[in-house]
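No hydrogens, no waters, no symmetry mates; every other heavy atom, side chains included, goes into these values.
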Amino acid sequence: MALLDIFTKKKPVESPNVLPVLPEEIYKSGILDLQDVIAPHALRVNSRELDLGEKIARTFFVISYPRFLTTGWFAPIINMDKVIDISIFVHPMDTNEMLRKFQKKVAEVQSQISTREQKGMVRDPMLDTAYSDLEQLRDSLQQAQERIFEVGLYLTIYGSTREEIDKVETEVRSILESRLVYIRPALFQQEQGFRSVLPIATDELNVHTKLNSAPLSSIFPFISFDLTSDRGILYGINRHNSSLILFDRFSLENYNSVTFAKSGAGKSYCTKLEILRSLMFDTEVIVIDPEREYEYLAETVGGRYFNISLSSEHHINPFDLAIPREDENPSDVLRNNIITLVGLFRIMLGGLTPEEDAVIDRAITETYALKDITADANFALVEPPLLSDFELVLSGMEGSESLVARLSKYTKGTWAGFMNRPTNVDMNKKLIVFSVRDMEDDLKPVAMYIITHHIWNAVRKELRKRLLVIDEAWWMMRSEDTASFLFSIAKRGRKYFLGISTITQDVSDFLNSPYGIPMITNSSIQMLLRQSPTSVDLVQQTFKLSDEEKYLLLESDVGEGIFFAGLKHVAIKIIASYTEDQIITSDPSQILAIKKAKQDLAAASEGGPGTAEVAAGAAEQAARMQSAAVNFNASEAPAAGQGGNAMAAGAPPETPV
């Protein structure tokens, strides 16, 4: 039987071909059949491989198994990032016939053992083990707990060159032989081997090993990575096996995460869901919000929301100093703050020359000294200087004319009042949100730098479990100073029980930064949601994704993607209950419906025309939206194991994204 006979149809014997004459006959004679499309354009059968067009195929069969097979031993082969075809042929055998054969085999083994005992020879452990295994298997067969099967396991690997296919063969052999499973190439039977792995259910190699039910079940490839643990929050559903993805970021070597997704893929929805569920486990969450998406969430859980803009009433003084902990040296705190301020002025003033950098450094030190702030001072009792104090000191220094001119717009010009006032931001709630939506685009990197520095000072002040969420982190990655500062926090945050969650839709800007790849390397959790075709190749290269995973990201729906945690990754579907969805939604139509329901409820409470009907409908809708206000109030968040944590602990979800 020829190799490519499967691609040909059996046609009845016809008379000799006649050249087509009519136009319809000429057209039909030029149609390609399916076999013509999928068949290789050339074929050569060798003793060790097949040349299929531009590819080389090599088939192997398994000849030996160890005494015990553990569950999932075949998983490394199935999950290899290589093109491999695998066929498993299972031929059941008659149990009565096998019992008769085993009875004879037991008699042979028992006879050999008795003969050795009569001769006074030392017992043979191999014979004793074989005897006990045979008896145990006979009992299982007799009780119908096991069956015997003839199993053929064949693998075909592919490569473009012989060097490539030899490398893949070495990798496959090393994986299997480490588990005492041995394979051999189908020498001079490559044609039959290739046909055996095609999806036509034809076993032409007939190389079989007898296995009972238990070891046979360990071969089957119905496995996938599982990220279910006994603690943590519910991130979503494993799309491979529908198990729950329950995970605790604070159980990994570091607590950082990155999320990449195109606009509208559900990255903010996913983040807000994690925030909502993390609050139940006494985690303090701080958010830098560039688009005012977290305001309603903060109101619902009883958090604080600060709008940072040129005209807002909330201000942060960049000269604030963190109060040193018992294990910290005040001089180190002051020195680190001076270095951070130099980086801030480098962003504000559009870069500094080495001479200007030295002038700025000296001016900051003298500004602190003006307020009697030195390494020996008690930072809790001092009043930090303002930007205008720094400008005053800087103007009296030689060579500072250009610096003072550039700084004046922050103290007297258009941008005055933004940071030239004492701090009036109180971070004493479980959820704190800083919004920079109303800040001018040119000032957003500066604002995010100042906010991040203020948060870092608060984090170092007292050790608590905290999560810092930076949405649209590409704003900070555009500047080397802000990116460097963010990276330093990501590296040092673990010592202060702080996890950093960076979210971005502009993958290229993030990864093109010199600190983009280090940020990913220092993040134990990575979330990849739906990607755009223009950036998916860069994501694939960065995260070492297979082509199947790449296409999965391109074809995923909203709230679907790949979840990486440590060395494992699974396909995820993010889901939320109805109550959670009403709190965290970013869908404009849902937001408008929520606002309308609130307005109808307010109008109904005041008493107007048709108040009874309006009140009935509005009260029902508003009650659904506000039902979590008590449960998720940050000041009364239930601890793990108490009432109200069903969604965080992995209760069955209700509504998909």
| query | Of all residues at least two apart in sequence or in a different chain, which pass the salt bridge (charged side-chain N to carboxylate O under 4.0 Å, His left out) check with D85? | reply | none
| message | Checking the side chain of Q531 only, and the main-chain atoms of L529 only, is there a donor and an acceptor separated by less than 3.5 Å? | response | yes
| said: Using every non-hydrogen atom in the two residues, find where P384 and D320 come nearest and quote the distance to one decimal. | reply: CG-OD1, 3.3 Å
| remark: Residue set satisfying salt bridge (charged side-chain N to carboxylate O under 4.0 Å, His left out) with D481, at least two apart, ordered chain then number -> R346
| Do T502 and L486 come close enough that some side-chain heavy atom pair is under 4.5 Å? | yes
| task | Could you tell me which non-hydrogen atom of A576 sits nearest to which non-hydrogen atom of L273, and how far apart they are? | result | CB-CD1, 3.8 Å
| message | So I275 and V287, do their side chains get closer than 4.5 Å, heavy atoms only? | response | yes
| request: Indicate the atoms forming the closest heavy-atom contact of D332 with R335, along with that distance. | output: OD1-NH1, 2.8 Å
| What heavy-atom pair brings I219 and F74 nearest, and what distance separates the two atoms? | O-CD2, 3.7 Å
| task | Would you tell me whether N522 and N254 have side-chain atoms, one donor and one acceptor, within less than 3.5 Å of each other? | result | no
| task | Please report the closest heavy-atom contact between K272 and T585, naming both atoms and the distance. | result | NZ-O, 3.8 Å
| Between H453 and F485, how do the two ring planes meet: parallel, tilted or perpendicular, split at 30° and 60°? | perpendicular
| task | Would you check if S435 and Y305 make a side-chain contact, meaning some heavy-atom pair closer than 4.5 Å? | result | yes
| Between F434 and F306, is a ring pair (Phe, Tyr, Trp, His ring centres under 6.0 Å) present by the stated rule, with each step listed? | CA-CA 5 Å; F434 293 94; F306 300 108; 5.4 Å; yes
| query | What salt bridge (charged side-chain N to carboxylate O under 4.0 Å, His left out) pairs are there with at least one residue in residues 234-261, not counting sequence neighbours? | reply | R231-D248, R239-E560, R249-E274
| said: I'd like to know if the side chain of S268 pairs up with that of T271 as donor and acceptor (distance under 3.5 Å, no hydrogens or angles considered). | reply: no
| request: Go through the structure and list residues passing side chain to side chain contact (heavy atoms under 4.5 Å, CB included) with F379, not counting sequence neighbours. | output: L321, P324, P330, V333, L334, I373, A377
| field | Over all atoms of both residues, closest heavy-atom pair of A473 and F510 | value | CB-CE1, 4.2 Å
| query | Below 4.5 Å, heavy atoms only, C-beta onward: do F543 and L528 meet side chain to side chain? | reply | yes
| query | Who pairs with K262 by salt bridge (charged side-chain N to carboxylate O under 4.0 Å, His left out), at least two apart in sequence or on another chain? | reply | none
| request: Say whether S577 and T579, considering side chains only, have a donor N or O and an acceptor N or O under 3.5 Å apart. | output: no
| message | The criterion is side chain to side chain contact (heavy atoms under 4.5 Å, CB included); which residues satisfy it with S523, sequence neighbours excluded? | response | N256, V258, Q526
| task | Taking only Lys NZ, Arg NE, NH1 and NH2, and the carboxylate oxygens of Asp or Glu, determine whether K430 and D282 approach each other closer than 4.0 Å. | result | yes
| In chain order, what residues pass the salt bridge (charged side-chain N to carboxylate O under 4.0 Å, His left out) check against D547, with sequence neighbours excluded? | none
| field | Pairs involving residues 449-462, ordered by first then second residue, that meet salt bridge (charged side-chain N to carboxylate O under 4.0 Å, His left out) (sequence neighbours left out) | value | E328-R460, E462-R464
| field | side chain to side chain contact (heavy atoms under 4.5 Å, CB included) partners for E472, two or more places apart | value | K267, P290, W474, W475, Q505
| query | For the residue pair Y255 and F250, does the interplanar ring angle fall in the parallel (under 30°), tilted (30 to 60°) or perpendicular (over 60°) class? | reply | tilted
| Within a strict 4.5 Å, meaning less than it, do heavy atoms of the F247 and I233 side chains meet? | no
| request: Please identify each residue that fulfils side chain to side chain contact (heavy atoms under 4.5 Å, CB included) with L511, with sequence neighbours left out. | output: F260, V507, I517, I520, L538, T542
Please report, to 0.1 Å, the donor-acceptor pairs under 3.5 Å made by any side chain of residues 175-183, with sequence neighbours excluded.
residue: S178; atom: OG; partner: S174; partner atom: O; Å: 3.3
residue: S178; atom: OG; partner: I175; partner atom: O; Å: 2.6
residue: R179; atom: NE; partner: W73; partner atom: O; Å: 3.3
residue: R179; atom: NH1; partner: I175; partner atom: O; Å: 3.1

| Should I245 and I237 count as side-chain neighbours, where that means a heavy-atom distance under 4.5 Å? | no
| said: Among residues at least two apart in sequence or on other chains, which ones pass side chain to side chain donor-acceptor pair (under 3.5 Å) with D441? | reply: none
